[in-house]
Amino acid sequence: MSRYNFKEQEGKWKQAWDEAGIFRADDKSPKPKYYVLEMFPYPSGRLHVGHVRNYALGDVVARYKRAKGFEVLHPMGWDAFGLPAENAAIRHNVQPMEWTRQNIEYMRAELKDIGCSYDWDRELLSCSPDYYRHEQKFFLDFLKEKLVYRKESFVNWDPVEGTVLANEQVIDGKGWRSGAPVERKKLNQWFLRITRFAEELLQGLQPLEEWPEKVRLMQQNWIGKSQGARVTFQVNELEEKSVEIFTTCPHTLFGASFIGLSADHPLVAGLAETNPALKTFVAECRAMGTSTRDLDTVEKKGFNTGLTVKHPFLKDVSLPVFVANFVIMEYGTGAIFGCPAHDQRDYEFATKYKLPILPVVYPKDSSPQKFDLDGQAYTGDGIMFNSDFLDGLPVDEAMTKAIAKLEKLELGKAEVTFKLRDWGVSRQRYWGCPIPIIHCPSCGIVPVPEKDLPVTLPENLSFDKPGNPLDHHPRWKHVDCPQCGEPAERETDTLDTFFESSWYFLRFCSPHSPKPLDKALVDHWMPVDQYIGGIEHAILHLLYARFFTLALNHCGYTDTKEPFTRLLTQGMVCHQTYKDESGAWLYPEEVLITEEGQAIKMNDGTPVKIGRSEKMSKSKQNVIASEKMISEYGADAVRLFILSDSPPDRDLEWTASGVEGTWRFINRLWRLYTIHTSLLSHFDRTHEPKDFDEKALDLRRKTHKFIRDTAHDIDRFHFNRYTARIREYVNIIEDFKVCSPEDSWALAEALHSLLPILVPVVPYLCESIHELIGHAGFAAELEWPIYDEKLIQDQLITIAIQVNGKTRATLEVPPSIGQEDLKAKVLDHPNVKQHIDGAAIKRFVYIPGRIANVVC
RNA sequence: GCGGGCGUGGUGAAAUUGGUAGACACGCCAGACUUAGGAUCUGGUGACGUAAGUCGUGGGGGUUCAAGUCCCUCCGCCCGCACCA
């Protein structure tokens with residue numbers, strides 16, 4: 001028997017699909033639409049099996065929905081702006097555009113090899129002016145709507161290179177190339193007012209029932225709505241000055257022992273001018289970098305400014321004002337009041353600086369006399385004490401009453417605050433979308449007139465100087481002011497690359513429109529019915545994309561408010577890591593496993609240390625290039641393995657032996673259809689025989705259940721069960737012996753039904769089989785079979801019989817059996833009798849169709 | 001630090017969502033056919049036990065007729081944290 005020649009077959013069908021254009025989405029199709037989208041890739045160079053996983057998952061859905069009668073939109077593009085291209089430019093002296101283009105050429109070919117059913121006519125490239133001109137238009141629209149504004153904010157500054165660093169370029173507080181300690185530097189930057197939609201973004205999560213619960217939770221926590229109060233504290237030493245704080249615990253004001261200001265608080269700047277020690281402390285706070293992780297893990301420190309403030313409720317009490325390194329300017333008002341007894345950070349701070357710790361809430365099951373903090377803050381619910389007019393009240397009532405009092409005194413009011421911060425979009429880099437703004441010495445900030453869009457990036461720059469090449473370019477930034485005509489300068493910052501990925505799913509609906517979005521088409525295809533991508537995007541990308549959709553809705557571009565109806569977040573692909581004797585990472589192909597299970601280096605035989613399996617990453621060299629796998633086993637085998645081994649939302653462990661197993665299965669399938677070629681080419685589904693024997697009927701029941709259950713599995717993303725079911729069913733077909741014409745018909749029905757169900761996983765093989773059995777057209781266009789309800793009904797079902805919760809027997813019974821009949825049968829069963837051992841029966845539980853339990 | 005998640009045989013996992021734990025594979029063991037294949041076919045394979053049986057879903061506790069699934073607690077691992085995408 002000849003083996004399946006995947007190389008020849010896959011090449012052939014790939015080309016045939018392309019030429020026939022069968023995966024093009026028709027805007028005018030009468031069929032119901034279905035939009036399935038995988039997160040578009042960054043063109044990093046080569047496709048690895050992690051990519052393949054993402055795209056194979058999407059392709060199963062796309063092909064399945066096509067078979068189910070939907071007009072499927074399944075597009076692909078390139079998220080092409082970003083730091084790696086700029087790094088490549090610096091390191092290898094290539095232009096970012098050129099580097100990106102080459103990578104895309106290569107990866108597009110690899111994507112086509114996988115056999116994904118994309119509509120390539122809609123391919124888009126985010127670094128092309130044809131794409132980014134539209135987001136420049138959006139930027140100007142947002143500016144008009146006051147969704148864009150400018151403010152000062154901090155960046156990571158490398159003082160040696162004179163460059164702004166991304167967080168990932170800061171390692172242990174030092175610049176990745178220079179090794180110099182990173183400073184926080186204030187720059188004027190552009191922000192998107194995402195906070196205007198904070199409430200809508202939060203409420204919008206509610207109906208997204210087809211998103212993973214954990215993603216909704218993460219987004220909800222990120223938006224971080226909290227109810228509390230804004231409180232004003234009068235400063236004793238400075239006339240007219242006060243400090244405004246935000247708190248979620250206004251009821252604990254009687255336990256206040258200090259005020260904490262952010263180092264970036266406006267009040268602090270003034271004080272630092274005349275206080276060198278404070279100035280040093282502020283500088284120390286700013287040396288921490290901009291990441292919240294650093295802020296949270298740093299040792300809590302403060303600086304006593306010497307100022308004090310009046311307690312709003314207690315005339316004789318004053319509180320000291322500290323600058324505290326754990327208070328950030330971006331949240332609330334940049335100032336807090338410290339209540340050490342009921343906040344752990346404040347507790348640590350108060351202990352360190354010997355400040356009073358007065359508890360004001362005791363747990364319900366304790367009492368003011370008995371309650372003891374016991375070395376840590378108490379953050380639970382409870383009853384107020386030590387709190388004057390709040391004494392004896394539960395926390396929630398105390399909160400309302402405290403706020404009412406503050407309002408009466410005109411020292412505060414109820415307030416809702418979000419943790420969500422506005423989105424800083426300025427990047428001091430070359431390889432991003434230019435911000436369409438001109439800075440004029442006399443007119444100030446002037447938007448680029450729409451007729452002058454796009455503002456394109458200059459090409460052929462030099463990357464030998466650190467910093468933003470747009471800044472050093474001899475001509476690019478020098479333009480005349482569109483308002484007064486005098487010499488002016490372009491904005492040299494570019495947009496955050498999250499900008500491109502925030503609306504590409506909308507552009508796919510009308511990729512060739514001269515307008516940014518063709519509203520009719522966008523409203524036709526949107527929302528995305530199924531979105532698929534990595535869990536690492538759970539917060540930022542998805543939140544920005546949701547925000548952008550709301551913002552564009554606000555500007556009249558679309559009626560859509562929530563872009564993604566259903567979301568699947570896939571786990572990572574992992575692989576073992578290898579190190580040689582010197583501790584250097586090795587690629588898997590450099591390692592040989594001997595028969596004794598020893599790992600040695602391929603070229604010199606020295607021992608290799610096998611590390612644990614980790615997420616595939618270039619730095620650890622444990623990446624498996626998809627190209628190698630596909631050329632060795634074929635795309636179908638790789639797809640089948642990737643889908644079989646783990647459920648999509650879990651991490652996947654890549655093993656070579658697994659792919660070999662799926663390759664063997666591909667051959668088994670091919671052989672199965674080769675044997676029955678003539679049976680299938682003469683099969684007529686409409687000429688159903690009248691009578692089947694029990695064996696054939698059994699096969700038919702299994703066939704129809706198979707049709708139903710595989711669809712159910714795909715609907716629920718249980719792709720590993722879907723493939724397991726295929727193998728189980730193929731085992732059944734292979735064991736089936738044909739003894740009559742009716743048997744033949746049942747077998748043909750089985751094989752015939754199986755083929756369209758195989759298409760989503762192994763699309764190439766299916767085309768080959770489809771051709772083999774002499775059918776016209778493409779297997780990719782076959783419809784999902786329809787199952788017969790009558791054949792799904794079981795004649796007998798198996799009931800597990802337990803005695804005291806332990807399974808002791810099973811019984812075959814008709815589904816309709818009543819409890820009393822079943823009970824009689826159960827009690828008559830020898831195993832059951834033995835385990836009851838004459839004891840009195842206390843209870844008999846029967847869950848129809850599932851289980852019976854005798855309790856004695 | 002904060003937020004989210006995961007933990008089941010030698011391995012990847014399944015379990016109708018509270019109802020027969022280990023489907024389907026990988027690997028391994030035994031055999032058949034071959035003896036050119038990265039094969040193919042048959043049987044076995046959670047642990048302990050000759051067996052009846054007992055134990056078993058990271059550890060401990062709880063709810064229930066019934067717990068991998070729900071609750072509490074501890075341990076381990078992973079992801080995100082706003083300039084990586």
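Convention: sequence-line order gives letters A, B, ...; per-chain numbering from 1.
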Check every strand shown and say whether [X] touches a base, only sugar-phosphate, or nothing at a heavy-atom separation below 4.0 Å.
X        : value
A:Asn804 : nothing
A:Thr798 : base
A:Ile801 : nothing
A:His537 : base
A:Lys419 : base
A:Pro84  : nothing
A:Ser426 : base
A:Gly424 : sugar-phosphate
A:Arg427 : base
A:Gln220 : nothing
A:Gln169 : nothing

Is the base of B:C83 touched by the side chain of A:Gln189 through a donor-acceptor pair closer than 3.5 angstrom?
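In this structure, the two groups form a donor-acceptor pair.
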
Under the 3.5 Å rule, do the base of B:C24 and the side chain of A:Arg725 count as making a donor-acceptor pair?
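There is none.
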
Dot-bracket encoding per residue of RNA chain B, Watson-Crick/G-U cut-off under 3.5 Å, | denoting interstrand:
(((((((..(((......[....)))((((((.......))))))(((....)))..(((((..]....))))))))))))....

Got a sec, which residues hit side-chain contact (heavy atoms from CB on, under 4.5 Å) with A:Lys705, two or more places apart in sequence or on another chain?
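With sequence neighbours excluded, A:Lys705 shows a side-chain contact (heavy atoms from CB on, under 4.5 Å) to A:Arg708, A:Asp709, A:Ile792, A:Asp794, given in chain and number order.
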
To the nearest Å, give me how far apart [atom1] ([X]) and [atom2] ([N]) are.
X        : N     : atom1 : atom2 : answer
A:Leu83  : B:A85 : CG    : C1'   : 10 Å
A:Tyr544 : B:G80 : OH    : C1'   : 13 Å
A:Glu330 : B:C83 : CD    : P     : 10 Å
A:Trp431 : B:A85 : CH2   : P     : 13 Å
A:Phe326 : B:C81 : CZ    : C1'   : 19 Å
A:Arg53  : B:G12 : CZ    : P     : 14 Å
A:Ile328 : B:G1  : CD1   : C1'   : 13 Å
A:Asn731 : B:C41 : CG    : P     : 10 Å

Would you say [X] reaches [N]'s phosphate, i.e. side-chain N/O to OP1/OP2 under 4.0 Å?
X        : N     : result
A:Asn720 : B:A14 : yes
A:Ser646 : B:A13 : yes
A:Asn221 : B:G4  : yes
A:Arg721 : B:A14 : no
A:Thr807 : B:A21 : yes
A:Ser644 : B:A25 : no

Partners passing side-chain hydrogen bond (donor to acceptor under 3.5 Å, both in side chains) against A:Asp158 (at least two apart in sequence or in another chain):
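For A:Asp158 the side-chain hydrogen bond (donor to acceptor under 3.5 Å, both in side chains) partners, ignoring immediate neighbours, are A:Ser178.
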
Which value, in whole Å, describes the distance between the [atom1] atoms of nucleotides [N] and [M]?
N     : M     : atom1 : result
B:A21 : B:U16 : P     : 13 Å
B:C29 : B:G61 : P     : 39 Å
B:A39 : B:G76 : C1'   : 42 Å
B:C81 : B:A13 : C1'   : 32 Å
B:C28 : B:G46 : C1'   : 14 Å
B:G7  : B:G68 : P     : 14 Å
B:C26 : B:U40 : P     : 9 Å

Residue among A:Arg421, A:Glu330, A:Gln189 satisfying side-chain hydrogen bond (donor to acceptor under 3.5 Å, both in side chains) with A:Ser153
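Exactly one option meets the side-chain hydrogen bond (donor to acceptor under 3.5 Å, both in side chains) with A:Ser153, and it is A:Gln189.
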
Return the residues of residues 847-856 of chain A meeting this criterion: a heavy atom under 4.0 Å from some atom of RNA chain B. Order them by number, or give none.
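Correct list: A:Ile847, A:Arg850, A:Ile851, A:Asn853, A:Val855.
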
Listed pairs, N/O of protein and of nucleotides 33-40 of chain B, under 3.5 Å:
residue : atom : partner  : partner atom : Å
B:G38   : N2   : A:Glu632 : O            : 3.4
B:A39   : OP1  : A:Arg664 : NH1          : 3.4

Write out a two-atom table: protein N or O, nucleotide N or O from nucleotides 45-54 of chain B, distance below 3.5 Å.
residue : atom : partner  : partner atom : Å
B:U54   : OP2  : A:Arg808 : NH1          : 3.2

